[in-house]
Amino acid sequence: MADRLRTHVAVIGSGPGGAVTAALCAEAGYETLLVEEGDDLPLDACAHFSGDEILRKYRNAGIGMAFGKPSISYVEGCCVGGGSEVNRGLYHRTPPYVLEQWAKAYRVEQLSPDLLAPHFAACEGTARIAFLPGSAPPLSQRLGDGAGELGWETIQAPRLYDYESGRKQSMSATFIPRFRRAGGQVMANMRALRIRRNGKQWHAATLHQGREVTIEADALFIACGAVQTPALLRRSGFRHNVGNSLRFHPMLKAVALFDRPVNRPGDPDPVHQIKMFEPRFGIGCSISSPALLALALAGSPQMRRRIAADAARMGIYYVQNGTGHARVRGLPLARDPLVSVRHEGGDLDDLYDGLKHLMRALFAAGAEAVQPCLPGFPMLHSVDELASLPGRLPRRSAMLTSVHVFASCPMGEDRRLSATDSWGRVHDGDGLRIADASLMCGPTIANPQGSVMAIAHRNALHAIERRFA
Amino acid sequence: MPADFAATVRALAETVALREQGASGRSEAASRFVLDSFAGMPAYLRPPLRAATLLFDAWPIVRRRRPFHRLPPAERLRQMESWEASPIGAARMLMTFYISLSLFGLWPDEDPHG
Ligand SMILES: Cc1cc2nc3c(=O)[nH]c(=O)nc-3n(C[C@H](O)[C@H](O)[C@H](O)COP(=O)(O)OP(=O)(O)OC[C@H]3O[C@@H](n4cnc5c(N)ncnc54)[C@H](O)[C@@H]3O)c2cc1C
């Protein structure tokens with residue numbers, strides 16, 4: 001390969017934000033390169049949620065840490081298609097109240113639910129969403145039953161999933177083939193190190209199989225995900241509100257042991273969610289293979305001992321909210337940025353309250369025992385034992401986990417808060433654009449991939465209409 | 001008998017496997033998963049983790065004249081459990097890291113999800 005690649009448009013990062021953007025640019029007739037640090041692997045190259053997948057498709061073997069009290073361990077995808085290749089594809093449009101709040105607080109132009117609706121619809125036309133045909137698996141149904149007993153509402157979330165063919169609607173199965181059909185080129189195993197303006201062009205210095213390759217582009221989109229985008233921008237000298245406001249959906253988990261089998265091999269992914277308490281907290285259910293049960297119960301030996309005999313009666317459930325405000329900073333000579341997080345007391349208290357709500361629902365669903373997945377916490381045998389738990393979440397020992405990251409470079413016209421304008425153009429960035437989860441103005445509350453795609457779609461069309469000015 | 005990083009990881013995975021009832025995976029697969037995860041983790045985390053692991057390995061040398069990875073299984077288990085319950089947060093975190101990854105590697109996940 002040549003040391004220099006010339007193109008009209010370069011998009012760095014091939015997750016949902018980058019893939020949607022690149023497909024639209026290529027279809028508009030622009031020569032487009034989609035640059036991805038990770039491998040280009042088929043969707044079924046490794047079993048979903050297996051160790052093999054974690055090592056091959058996740059960034060840093062699935063080890064990411066935001067240091068704080070408590071710390072948040074987070075994961076990101078790192079392969080062609082980004083997080084969409086490894087996620088469960090639970091799908092929601094951004095809740096209207098969230099969009100209204102962002103539009104108001106950050107002064108984002110034209111971000112009403114009505115104006116975003118066609119962009120959601122357009123993305124859903126390619127990355128198709130579906131409700132589970134037939135009844136939900138028992139592990140999922142139990143959450144619905146427990147909530148029902150308590151008078152709470154549940155929903156069954158649709159997924160980016162084709163239940164007929166049994167295939168996920170990830171980017172490698174949807175927008176990336178569309179991009180390729182329009183003549184776009186994917187460059188996998190190519191990491192952008194730095195970007196700079198050179199006359200009327202953007203130059204991205206990249207590393208490809210140990211060699212430096214410079215990409216020269218008339219227009220440049222950064223879509224490396226909410227941690228790597230601010231890291232790349234800061235390395236390249238763009239710092240205004242970049243990497244100061246990273247947010248998560250931190251989770252606490254509980255494992256329930258039921259009277260009857262709920263967790264059968266080959267069952268579809270669970271889909272029940274309790275959303276009525278959002279944004280204080282939301283509740284859902286997880287895949288509960290023996291390996292994931294063991295991981296969730298790493299600090300809870302009593303319940304873990306039951307896995308060998310009783311995995312079929314066990315299920316993992318979670319509660320999440322938007323606690324934690326984090327900063328992304330480069331470290332001298334280090335490839336990965338340092339992420340530090342601080343929490344506001346109220347949000348952590350809400351999350352802990354959510355865990356107690358979750359455990360009430362599990363007992364109401366007939367659980368014989370419930371184990372909060374927090375080190376040192378006892379296994380509970382009745383709802384009355386909830387009263388014996390500490391009054392507050394232990395700040396030092398609690399470990400939160402998150403699979404959602406966003407909001408590190410928020411958009412909007414309020415320059416005191418935002419890193420880009422309402423359309424993803426970096427302030428004073430000479431037309432440089434961001435096109436990923438970094439642009440969100442806070443937690444999406446709902447599962448974020450739909451929001452990332454729709455906002456990327458909206459902003460890409462805006463850029464194309466203006467010929468990237 | 002110097003401290004040895006890879007041997008310590010293997011010994012920790014064997015100790016977790018010994019304690020775990022019913023896990024069908026093999027400790028070799030678990031330690032390979034832990035070593036691969038270590039190799040893939042953010043570079044700036046590796047030196048402190050390696051240093052802490054070597055300290056853990058060297059800990060029994062003064063009293064037992066052997067590093068952790070050369071101790072008999074029961075003594076390994078005792079040391080692992082005492083660090084797991086240590087009042088020092090960093091010691092507990094080190095054990096959480098190794099035990100979690102070893103557990104994940106010990107319980108293979110063969111069923112398809114969808
Ligand atoms: C395990 C897991 C489960 C999830 N479950 C759900 C779910 O059920 N529903 C939902 O809506 N969302 C879910 N998510 C979140 C969802 O996947 C993300 O919100 C979404 O992928 C974000 O898209 P993005 O384009 O911002 O970034 P990403 O998907 O993170 O993509 C960024 C891409 O850029 C690449 N990159 C980074 N830096 C560079 C560089 N310097 N040079 C070149 N390439 C680079 C990365 O390797 C990556 O492939 C989940 C995520 C994970 C990890």
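In the text below, chain A, chain B and the rest are named by the order of the sequence lines, each starting its count at 1.
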Original post:
Residues of residues 42-54 of chain B under 4.5 Å from chain A (heavy atom pairs)?
Top reply: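 Under the 4.5 Å heavy-atom cut-off, P42(B), A43(B), Y44(B), L45(B) qualify.
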Subject >> R191(A)/E36(A) ion pair, N-O < 4.0 Å >> reply: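 Salt bridge: no.
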Subject >> Pair D52(A) + R56(A): basic N to acidic O under 4.0 Å >> reply: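 Answer for the salt bridge query: yes.
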**OP:** Report, as yes or no, whether the 6.0 Å neighbourhood of atom CZ on R234(A) holds more than 12 heavy atoms from other residues, nucleotides or ligands.
**Re:**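 Yes, CZ of R234(A) has more than 12 neighbouring heavy atoms, counting only those of other groups under 6.0 Å.
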**OP:** Decide if atom CE of M379(A) counts as having more than 12 heavy atoms of other residues, nucleotides or ligands within a radius under 6.0 Å.
**Re:**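 Enclosed: over 12 neighbouring heavy atoms sit under 6.0 Å from CE of M379(A).
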Nearest heavy-atom neighbours spanning [X] and [Y]:
X: P250(A); Y: I72(A); result: CG-CD1, 3.7 Å
X: L139(A); Y: C285(A); result: CD2-CB, 3.8 Å
X: K57(A); Y: L43(A); result: NZ-O, 3.1 Å

Original post:
Looking at Y161(A) versus Y91(A), is the centre-to-centre ring distance below 6.0 Å?
Top reply: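 Aromatic pair excluded; centres sit 6.0 Å or further apart.
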Subject >> Inter-chain contacts: residues 294-303 of chain A against chain B, heavy atoms under 4.5 Å >> reply: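 So the qualifying residues are A294(A), L295(A), A298(A).
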Subject >> side-chain contact (heavy atoms from CB on, under 4.5 Å) between E28(B) and E14(B), intermediate numbers included >> reply: CA-CA 8 Å; E28(B) 292 81 4; E14(B) 282 165 18; 6.0 Å; no
**OP:** Please state whether the side chain, the backbone, both or neither of I307(A) comes within less than 4.5 Å of a heavy atom of chain B.
**Re:**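 Both the backbone and the side chain of I307(A) come within 4.5 Å of chain B.
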Original post:
Which bit of L338(A) is near chain B, if near means a heavy-atom gap under 4.5 Å: side chain, backbone, both or neither?
Top reply: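 It is both, since atoms from each part get that close.
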Extract all donor-acceptor atom pairs below 3.5 Å that involve side chains of residues 128-137 of chain A and protein atoms in other chains or at least two apart in sequence.
residue : atom : partner : partner atom : Å
R128(A) : NH2  : G125(A) : O            : 3.4

Original post:
Side chain, backbone, both or neither: which part of T96(B) has a non-hydrogen atom closer than 4.5 Å to chain A?
Top reply: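 Looking at T96(B), nothing touches chain A.
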Original post:
Under the salt bridge (charged side-chain N to carboxylate O under 4.0 Å, His left out) rule, what pairs show up with a residue in residues 82-104 of chain B, not counting sequence neighbours?
Top reply: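 Qualifying pairs, neighbours excluded: R19(B)-E84(B).
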Original post:
Who among G376(A), G89(A), A61(A), A311(A) has the most heavy-atom pairs with chain B under 4.5 Å?
Top reply: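 Of the candidates given, the most pairs with chain B belong to A61(A).
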Original post:
Who wins among R335(A), K168(A), R305(A), R88(A) for the most heavy-atom pairs under 4.5 Å with chain B?
Top reply: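 Among the listed options, the one with the most contacts to chain B is R305(A).
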Subject >> Identified ring pair (Phe, Tyr, Trp, His ring centres under 6.0 Å) counterpart of W83(B) within the set F68(B), F56(B), Y98(B) >> reply: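 Single ring pair (Phe, Tyr, Trp, His ring centres under 6.0 Å) partner of W83(B) among F68(B), F56(B), Y98(B): F56(B).
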